[in-house]
Amino acid sequence: MAFPKSAMLGVAGMLTFGTGTMISAKLMLDMSAKGLSSAPPHKFEKPIFQSIIMFWGMAVCIVLHFMVMGFKYGMKTFKAQRAASRAESSSDAGNLLAEDVETPKDDVESLVESEAEPMSLQAKIWDEARGYIYIAVPATFDLLATTLMTFGLIFIDVSVMQMLRGSMVIFSALLSVTVLRKHLRLYQWTGVATVALACAMVGVSCIMGARGSSNSRPAAQQALGCLCVVGSQFIQASQIVAEEILLHGVKAAPLQVVGMEGVWGSLITMFVVYPIAMLVPGSDPAFPLPYKPMENVFDDFAMMFNNKLIFTFSCIYFICILVLNYSGMLVTSALTAVHRTIFEAVRTLAIWITDLFIYYLVISGGRHTVYGERFDLTWSFLQAAGFATLVFGMAIYNDLIRLPGIVFKYGDEVPAPEAKDVEMAESETLSDIQEDLV
């Protein structure tokens with residue numbers, strides 16, 4: 001299929017800023033700074049802070065959505081007034097009205113009919129409102145998944161995290177069968193099994209391998225990090241199921257979907273998650289509390305302003321999230337299963353290469369380097385083999401590679417993790433957009 005220039009630009013943006021999002025997130029977790037208390041500098045291990053920065057970046061899209069709506073309304077009104085003016089000043093007003101004022105006339109008539117039927121107008125208003133209210137549900141799932149995944153990222157390398165995110169295929173398949181009662185064919189189960197094997201290989205390489213740098217965590221902590229990332233993918237797969245059940249028939253523009261998820265995510269984080277994190281005991285600095293909380297919001301912002309690098313990478317993370325979401329708007333309807341598989345493979349490889357580049361070239365690969373990732377001559381090869389197996393499993397699942405002895409039948413719709421029933425403007429769906437922007 002022909003790939004529009006805008007879609008090509010969007011893919012480039014998603015690849016560049018998607019990589020920047022993951023790298024900047026990991027770099028922030030590895031940085032240290034002083035907080036509000038007199039305690040010595042400590043690491044900026046703040047998963048909730050990164051979640052709210054992400055939602056702030058997404059919330060900007062709702063402003064863009066209303067700007068687009070205002071521009072369209074203004075252009076529509078201008079064209080209607082110009083057409084009416086031409087009709088009044090022309091002797092051939094009937095023809096002009098038929099040719100130039102057809103759409104505005106229909107709009108006015110439909111508006112009058114709507115006003116004449118209060119129940120229909122109320123139903124229309126509620127239908128529009130659902131596109132703003134119901135998105136709070138997937139926003140909550142996204143908040144939980146992102147926070148848990150970022151917590152796991154504290155203990156493991158960003159390349160490992162990116163590869164383990166492929167486990168979402170496993171949970172999406174299982175939930176599609178058990179909850180949505182969909183049918184998966186043999187080749188899809190084969191792809192799921194292959195992906196599970198790949199995630200196991202990547203997890204073993206992370207847990208068993210001594211990564212060779214001072215930020216290498218004990219095996220138990222790396223295992224915890226892997227489990228957190230895999231658990232976050234279960235939450236995101238559950239999010240897709242919730243969307244199919246709750247948002248069926250909800251019409252919403254892409255910018256509206258992303259923007260409202262950012263708005264709801266920001267509100268829930270600020271007024272629900274942060275207060276809970278301040279009440280639950282943890283290891284964050286206590287000041288101004290009498291005990292150490294799970295995450296101290298005051299300490300978060302104090303550290304950010306006390307360390308210019310943390311502030312800089314927080315801004316980079318915010319910008320990457322914003323541009324990543326906008327880029328996703330350009331490519332959602334143009335991506336096929338082939339494009340998705342190739343794109344995910346390239347993005348994962350780009351993240352891994354960038355992290356190696358930071359360790360060996362930017363930070364000079366010192367033994368006590370805390371940034372970047374070292375290539376271990378034993379276990380990194382197992383991780384590479386796991387990555388290749390992951391791409392192979394994705395290709396099998398999406399019917400891009402056929403294995404001998406496995407029957408492939410066609411004619412029925414093949415359910416996939418990205419297949420959604422939610423009706424949206426321009427043939428795009430909420431779940432498609434979120435999968436492209438993750």
Side-chain angles (χ1 to χ4, degrees), residues 21 24-25 28-29 31-39 41-63 132-155 224-225 227-229 231-236 238-239 242-243 246 257-307 310-311 313-315 317-318 321-322 325 434 438:
T21 298
S24 59
M28 280 192 289
L29 293 173
M31 292 178 180
S32 299
K34 284 185 63 64
L36 287 176
S37 66
S38 58
H42 49 281
K43 282 200 170 185
F44 193 69
E45 296 174 347
K46 310 286 189 176
I48 299 178
F49 176 83
Q50 289 200 16
S51 295
I52 198 169
I53 292 294
M54 179 194 72
F55 284 122
W56 285 348
M58 296 173 66
V60 176
C61 291
I62 198 65
V63 179
Y132 292 92
I133 298 174
Y134 283 11
I135 297 176
V137 176
T140 304
F141 278 98
D142 200 12
L143 169 61
L144 295 175
T146 302
T147 303
L148 184 61
M149 184 173 63
T150 307
F151 179 76
L153 183 59
I154 294 174
F155 307 110
L224 175 62
L227 289 175
C228 287
V229 174
S232 71
Q233 299 313 293
F234 172 75
I235 296 175
Q236 288 195 329
S238 303
Q239 172 184 341
E243 288 164 5
L246 297 176
V257 169
V258 178
M260 284 308 303
E261 184 175 340
V263 171
W264 280 114
S266 300
L267 293 175
I268 296 171
T269 303
M270 288 187 294
F271 298 107
V272 178
V273 177
Y274 256 134
I276 293 176
M278 293 286 286
L279 293 175
V280 176
S283 58
D284 244 22
F287 187 83
L289 302 174
Y291 58 90
K292 291 185 176 182
M294 183 173 69
E295 183 167 334
N296 191 331
V297 59
F298 304 106
D299 188 68
D300 291 359
F301 287 92
M303 291 182 68
M304 182 182 69
F305 289 110
N306 288 338
N307 188 321
I310 294 179
F311 179 81
F313 277 99
S314 297
C315 295
Y317 185 72
F318 173 86
I321 289 291
L322 174 59
N325 280 278
Q434 291 179 333
V438 166

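Note that these values count all heavy atoms, side chains included, but never hydrogens, waters or copies made by symmetry.
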Using every non-hydrogen atom in the two residues, find where [X] and [Y] come nearest and quote the distance to one decimal.
| X | Y | value |
| --- | --- | --- |
| F141 | I235 | O-CG2, 3.4 Å |
| I52 | S266 | CD1-O, 4.4 Å |
| S232 | A145 | CB-O, 3.3 Å |
| A33 | N307 | CB-CB, 3.5 Å |

Pairing residues for [X] by the side chain to side chain donor-acceptor pair (under 3.5 Å) criterion, not counting sequence neighbours:
| X | value |
| --- | --- |
| Y134 | none |
| T150 | none |
| T146 | D142 |
| S314 | none |

[atom1]-[atom2] distance between [X] and [Y], expressed to the nearest 0.5 angstrom:
| X | Y | atom1 | atom2 | result |
| --- | --- | --- | --- | --- |
| Q233 | Q239 | CD | CD | 10.5 Å |
| Q236 | L144 | CD | CG | 10.5 Å |
| M28 | K43 | CE | NZ | 14.0 Å |
| M54 | L322 | CE | CG | 13.0 Å |
| S24 | I310 | OG | CD1 | 13.0 Å |

(message) Tell me if the CZ atom of F318 is crowded by more than 12 foreign heavy atoms within 6.0 Å.
(response)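 Counting other residues, nucleotides and ligands, CZ of F318 exceeds 12 neighbours.
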If you define the side chain from C-beta out and look only at heavy atoms, does anything of [X] sit under 4.5 Å from [Y]?
| X | Y | value |
| --- | --- | --- |
| T269 | F55 | yes |
| W264 | L143 | no |
| L153 | L29 | yes |

(request) May I have the step-by-step check of side chain to side chain contact (heavy atoms under 4.5 Å, CB included) for M58 and M260, ending in yes or no? (result) CA-CA 8 Å; M58 296 173 66; M260 284 308 303; over 6 Å; no
Considering residues at least two apart in sequence or located in another chain, which fulfil the side chain to side chain contact (heavy atoms under 4.5 Å, CB included) criterion with [X]?
| X | value |
| --- | --- |
| L224 | F151, F155, C228 |
| A302 | L36, N306 |
| F301 | F49, W56, V297, M304, F305 |
| T21 | Y317, C320, I321, L324 |

(request) Take M303 and H42 through the side chain to side chain contact (heavy atoms under 4.5 Å, CB included) test and state the conclusion after the steps. (result) CA-CA 9 Å; M303 291 182 68; H42 49 281; 3.2 Å; yes
Could you give the side-chain donor-acceptor pairs of residues 271-293 under 3.5 Å, partners two or more places apart or in another chain?
| unit_1 | atom_1 | unit_2 | atom_2 | d |
| --- | --- | --- | --- | --- |
| Y274 | OH | D300 | OD2 | 2.7 |
| D284 | OD1 | K46 | NZ | 3.1 |
| D284 | OD2 | K46 | NZ | 2.5 |
| D284 | OD2 | N296 | N | 2.7 |
| Y291 | OH | M278 | O | 2.7 |

(message) Please enumerate all residues that pass ring pair (Phe, Tyr, Trp, His ring centres under 6.0 Å) together with Y132, with sequence neighbours excluded.
(response)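 Checked Y132 against ring pair (Phe, Tyr, Trp, His ring centres under 6.0 Å); zero matches.
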(request) Identify, with sequence neighbours excluded, every residue that meets salt bridge (charged side-chain N to carboxylate O under 4.0 Å, His left out) alongside E295. (result)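 Once residues adjacent in sequence are excluded, E295 has no partner under the salt bridge (charged side-chain N to carboxylate O under 4.0 Å, His left out) criterion.
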